[in-house]
Each structure stands twice: as C-alpha cells, then as structure tokens.
Amino acid sequence: MEIGMPRAGKGEARHAAAWAWYGLGVLLMTTLFAFVVRQMLSLIAPALQTSLGFSDLQLGMLQGLGMAVFASIASYPMGWLADRFGRRLLLALGVACWSLATALFAFQDSFGGLFAATIGIAIGEAGLAPIVFALIPDLFHERQRNTANFIFYGGSLLGAGLGMALGGAMLQWLAGAHGSLPGWLAGIDSWRLAMMLIALPGPIFFVLVLTMPLGRQGSETATPIATDDAGSRDFIPYATAHWRTLACIFGSIFAMAVAMTSGLMWFPLALPRAFGIDPATVGVGLGTAITIATIVGVLLAPLMLRLRRTDAGLGPVRAAAIFVALTPLPAAFLPFATSAFQAYGIAAVQGALGIAASSLMPGVLQNLAPPHLRSRVLALLGIVNALALAVSPLAVGSISGLIAGPRGMLYAITIVSLPSLIVSAILMAFAPGPYAATLRAIRPQLSKDFS
C-alpha cells in the first residue's frame with residue numbers, strides 16, 4: 001500500500017500536487033500504450049486471414065475469447081493484490097507481461113501460438129483499470145477527482161483513436177517501405193513487424209511506472225465510510241447488500257461495451273468488404289472518427305453535470321442515463337450506410353454519446369466503493385468489459401458467417417449492437433434509485449444531496 005503524506009505547507013502542497021499530476025501523466029501514457037496494442041490486434045486481422053487463413057470465428061476468438069476470458073480471470077486477483085502489495089509494482093509487472101507477449105505474438109505461425117500470446121497480453125492488461133482508477137482518488141483530493149477522471153478517461157480514449165490512426169499509418173508505411181527494408185526484414189510479414197515495433201517501448205514504460213512517486217492526498221478521509229455499517233467491511237456482504245445498484249450499473253456498462261466493441265473490433269474488416277477500401281485506410285478514417293467522438297463525448301459529460309448542478313448526488317447517473325438512451329439512434333442507421341464516410345459518421349455520433357456516458361462511470365464507481373474495497377469494486381469494471389470483449393467479437397463473427405454478401409458483417413454488427421444499446425439504456429434508467437440508497441448507506445454525509 002502507498003504511504004500517506006503528512007500535512008504540508010503551501011509550498012509542499014504545490015509540490016505534492018505537481019507529483020500527483022505527473023503520476024496521472026504516467027498512468028495515462030501507460031494506458032495509451034496498452035490501447036495501441038489492443039488496436040493493432042484489430043488492424044492486423046485482415047492480414048492474419050491472408051497470411052494464415054484464419055476464419056472470422058478464429059479472429060473473434062483471438063480478439064475476444066483470448067483477451068477477455070483471461071483478463072476476467074486475472075482482473076479481481078490483480079485488484080485484490082493491488083490493495084495489499086502495491087499498485088505501482090503490479091502495474092509495472094503488467095506492463096512487462098503485455099510487452100513481452102506482444103513481442104512473442106510476432107513470431108507465432110499457428111492459431112494456438114497466437115492465442116497463447118493474446119492470453120499473455122490479456123493477463124498483463126487485466127490490472128490496468130482497477131489499479132489506475134483506484135489510484136486516482138489516492139492521488140487527488142475529492143474536489144479534483146472528477147477533473148482527473150475526465151482527463152484520464154478522455155486522454156486514454158483519445159489515445160485509442162490516435163492509436164488506431166497511428167497503427168493504420170504504420171501498416172501503410174510498412175506496406176510501402178517493405179521492399180526498401182534490409183534483407184533480413186524484407187521477408188517478414190508487415191503485421192509481424194508492426195507487433196515488434198509496438199513492443200519496443202515496453203521497457204521505457206516499465207521504468208516510468210516502477211519509479212513513479214506516489215503519495216496519498218487524503219481523499220479517503222474526505223469521504224469516510226459509515227463505521228456502523230458492518231456489511232460494507234467485506235466485499236461479499238457489501239455486494240449482497242447493494243446488488244441492485246451493482247446490477248444496474250455494471251449491467252448497463254456490459255451491454256454498452258458489447259455494442260461499442262462490436263464496431264471497434266470489426267470495422268477494420270467490415271468496411272473493406274462493404275466498400276472495397278484498404279484496411280490501413282480504415283485505420284486512419286476510423287481512428288479520426290474515434291478521436292473526434294472522444295473530444296466531443298468528454299466535453300459533453302462535464303457540460304451535462306454543470307447543467308444538473310442542483311442534482312449533485314444523482315447528477316452523474318442521471319446524465320449517463322440520458323446519453324445511453326440516445327445511443328441506439330445512430331446505431332440503427334449503420335445498415336443503410338452507402339459509403340465508408342457515412343459509417344465513420346455513424347461511429348462518431350454513437351461513440352460520442354457512449355463516451356459521454358462512460359466517462360461518468362469512474363466517478364460513479366469511486367463513490368460507490370468504500371476506500372478499502374475500491375480496487376476490488378473497480379476490478380468489476382475490468383471484468384464486465386472483458387466479458388463484453390469475449391461476447392461481442394464471437395457474436396458478430398458467428399452471425400456474419402450466416403449472412404451472405406459484402407455487407408453481411410455490417411448487418412451482423414447492427415444485430416449485436418442495437419439490442420445491447422437498448423438493454424443498456426433500460427438498466428441505466430433504473431439505476432438512480434438503488435444508487436441513491438447505496439450512497440446513503442456507505443456515505444451518510446451525502447444524504448443532503450438526495451432530498
């Protein structure tokens with residue numbers, strides 16, 4: 001566990017705040033690195049089909065099952081260990097694990113070898129969400145927590161879009177420069193070279209995380225737990241007492257993640273089939289759409305909170321419910337897109353609404369979680385997202401195989417994503433009542449916000 005900081009004067013407080021923002025920067029850069037690895041797995045999917053002859057279902061297993069199942073298995077233990085043995089150390093070990101697995105991925109020639117390397121990436125990234133989101137309340141006072149959350153969440157998703165665009169540009173460059181590479185590299189597939197290149201920064205991030213200064217800003221004392229609520233002392237009693245809240249919040253997050261993942265994972269394969277464009281071009285176009293959606297979505301969330309300032313306690317949940325309720329509208333238009341540009345526009349609008357809702361969730365979960373259970377509660381976020389990562393690619397891959405024609409995968413994405421978004425909206429609409437009851441139980445000093 002990180003050691004608390006003593007009471008400091010103004011100069012020392014400014015110094016501590018500067019280190020807190022530096023720590024957030026390290027966490028953000030590390031997360032961006034992880035996103036680049038994930039996006040590359042999607043972008044090289046067509047090349048894997050070409051060079052190794054994989055089916056859509058096998059690609060779905062690589063992108064979904066390999067990443068998701070083992071990330072789910074490892075996520076809660078990582079959160080448990082992070083609460084006890086040091087979040088910084090575990091995060092650094094995770095960086096080392098997924099960097100090594102990414103490098104090994106480039107040297108595999110069989111589905112089994114690639115699947116095993118994907119598992120290594122998944123295990124390394126499993127602790128990322130619970131560790132990072134548990135660290136933010138420790139780094140920042142509660143009045144700065146939402147700002148830090150929005151910066152981190154928006155920056156990480158912006159990095160996902162930039163990672164997609166840079167990954168596409170890297171593949172384009174490798175395809176064009178293949179003939180001019182040294183002889184010992186010219187015979188290596190472009191997708192293998194790409195995986196080698198994105199593994200190279202791993203040691204740098206390992207050192208940055210391992211040497212990152214940490215200090216407690218007193219955020220936990222700002223929101224003490226009700227000392228007479230024995231049920232909140234252990235995770236299972238806490239989850240049993242507040243299962244309605246957790247079911248609504250995490251159920252909605254899961255359904256939203258299924259929908260968002262279905263497009264993100266399969267657009268690099270669906271759009272070339274439907275519109276006859278180069279997969280690397282899709283990386284640039286889709287990455288640009290994600291970048292725009294991220295900027296708009298992250299700006300929409302605090303704007304909505306400002307408009308609902310009089311509803312301080314339930315504002316984040318009710319604002320998220322509004323955004324989630326709107327996401328099915330653009331998703332319904334995807335089957336009717338007649339160009340890749342229209343598909344990018346649909347992805348941008350749907351993504352902006354989904355990101356606006358999702359950017360509110362870290363703060364919601366931080367408020368729901370007693371400080372001593374924070375990493376474990378936040379580990380559920382990684383678990384539900386990992387399960388969505390397993391379900392969505394497999395569902396889309398299976399359905400697309402049943403629909404003939406170049407637009408079959410676009411239809412499959414809609415068949416999976418549209419009902420998921422509707423379910424997400426329904427669950428989030430029911431969330432405010434149980435959420436208010438949970439906050440009353442574990443943070444009674446907030447009861448004035450629920451009058």
Side-chain angles (χ1 to χ4, degrees), residues 1-2 19-38 71-72 74-99 121-142 144-160 163 202 205-217 219-220 250 253 257 294 298 355 358-369 371 373-386 389:
M1 295 292 293
E2 286 72 39
W19 280 120
W21 288 110
Y22 169 77
L24 182 67
V26 171
L27 296 175
L28 181 57
M29 288 189 294
T30 303
T31 304
L32 300 187
F33 176 45
F35 268 105
V36 170
V37 174
R38 292 185 195 177
S72 296
S75 184
Y76 188 85
M78 292 286 280
W80 183 87
L81 291 169
D83 279 336
R84 286 163 170 75
F85 301 109
R87 296 170 182 135
R88 177 174 54 187
L89 174 61
L90 285 174
L91 185 57
L93 292 176
V95 171
C97 181
W98 84 61
S99 300
I121 296 173
I123 292 175
E125 294 186 0
L128 191 62
I131 291 174
V132 170
F133 285 125
L135 276 171
I136 287 177
D138 292 341
L139 288 169
F140 294 94
H141 291 289
E142 190 163 2
Q144 296 178 310
R145 187 186 305 173
N146 279 336
T147 300
N149 282 334
F150 285 133
I151 290 173
F152 178 81
Y153 190 87
S156 63
L157 288 189
L158 185 63
F205 287 103
F206 175 80
V207 173
L208 285 174
V209 171
L210 199 60
T211 59
M212 178 177 62
L214 292 178
R216 192 178 302 278
Q217 294 289 339
S219 60
E220 293 184 2
F250 283 108
I253 292 173
T294 299
V298 173
I355 288 167
S358 298
S359 67
L360 295 165
M361 290 300 103
V364 169
L365 296 177
Q366 289 163 356
N367 285 335
L368 285 178
L373 298 177
R374 187 181 293 133
S375 291
R376 279 163 280 180
V377 173
L378 287 165
L380 298 178
L381 181 65
I383 291 172
V384 297
N385 282 326
L389 187 62

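Keep in mind that what you see is a predicted model, and the values were worked out from it rather than measured.
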Drop me the distance from [X]'s [atom1] to [Y]'s [atom2], to the nearest 0.5 angstrom.
{"X": "Phe152", "Y": "Leu135", "atom1": "CZ", "atom2": "CG", "value": "9.5 Å"}
{"X": "Met212", "Y": "Tyr22", "atom1": "CE", "atom2": "OH", "value": "8.5 Å"}
{"X": "Leu128", "Y": "Met78", "atom1": "CG", "atom2": "CE", "value": "9.0 Å"}
{"X": "Leu365", "Y": "Ile253", "atom1": "CG", "atom2": "CD1", "value": "5.0 Å"}
{"X": "Leu208", "Y": "Leu27", "atom1": "CG", "atom2": "CG", "value": "11.0 Å"}
{"X": "Leu368", "Y": "Phe250", "atom1": "CG", "atom2": "CZ", "value": "7.5 Å"}

Test your reading of the model: is there a side-chain donor-acceptor pair from Ser359 to the backbone of Phe150, 3.5 Å cut-off?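 No, the answer is negative, given that no donor and acceptor are paired below the 3.5 Å cut-off.
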For Phe205 and Leu32, run side-chain contact (heavy atoms from CB on, under 4.5 Å): C-alpha distance rounded to whole Å, both residues' side-chain angles, the deciding distance at 0.1 Å, then the answer. CA-CA 11 Å; Phe205 287 103; Leu32 300 187; over 6 Å; no
Chi angles and distances behind the side-chain contact (heavy atoms from CB on, under 4.5 Å) call for Leu24, Phe140: CA-CA 10 Å; Leu24 182 67; Phe140 294 94; 4.1 Å; yes
Give the minimum heavy-atom separation between Phe133 and Gln366, together with the two atoms involved.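 What the structure gives for the nearest pair is O-NE2, 3.2 Å.
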So which atom in Val207 and which in Thr211 form the shortest heavy-atom distance, rounded to 0.1 Å?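 Between these two residues, the closest heavy atoms are O-OG1, 2.7 Å.
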Check the pair Ile355, Tyr153 against side-chain contact (heavy atoms from CB on, under 4.5 Å), reporting the backbone distance first and the verdict last. CA-CA 9 Å; Ile355 288 167; Tyr153 190 87; 4.1 Å; yes
Flag the pair Ser99 / Phe206 as yes when at least one side-chain heavy-atom distance between them is below 4.5 Å, and no otherwise.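 No; the side chains remain at least 4.5 Å from each other.
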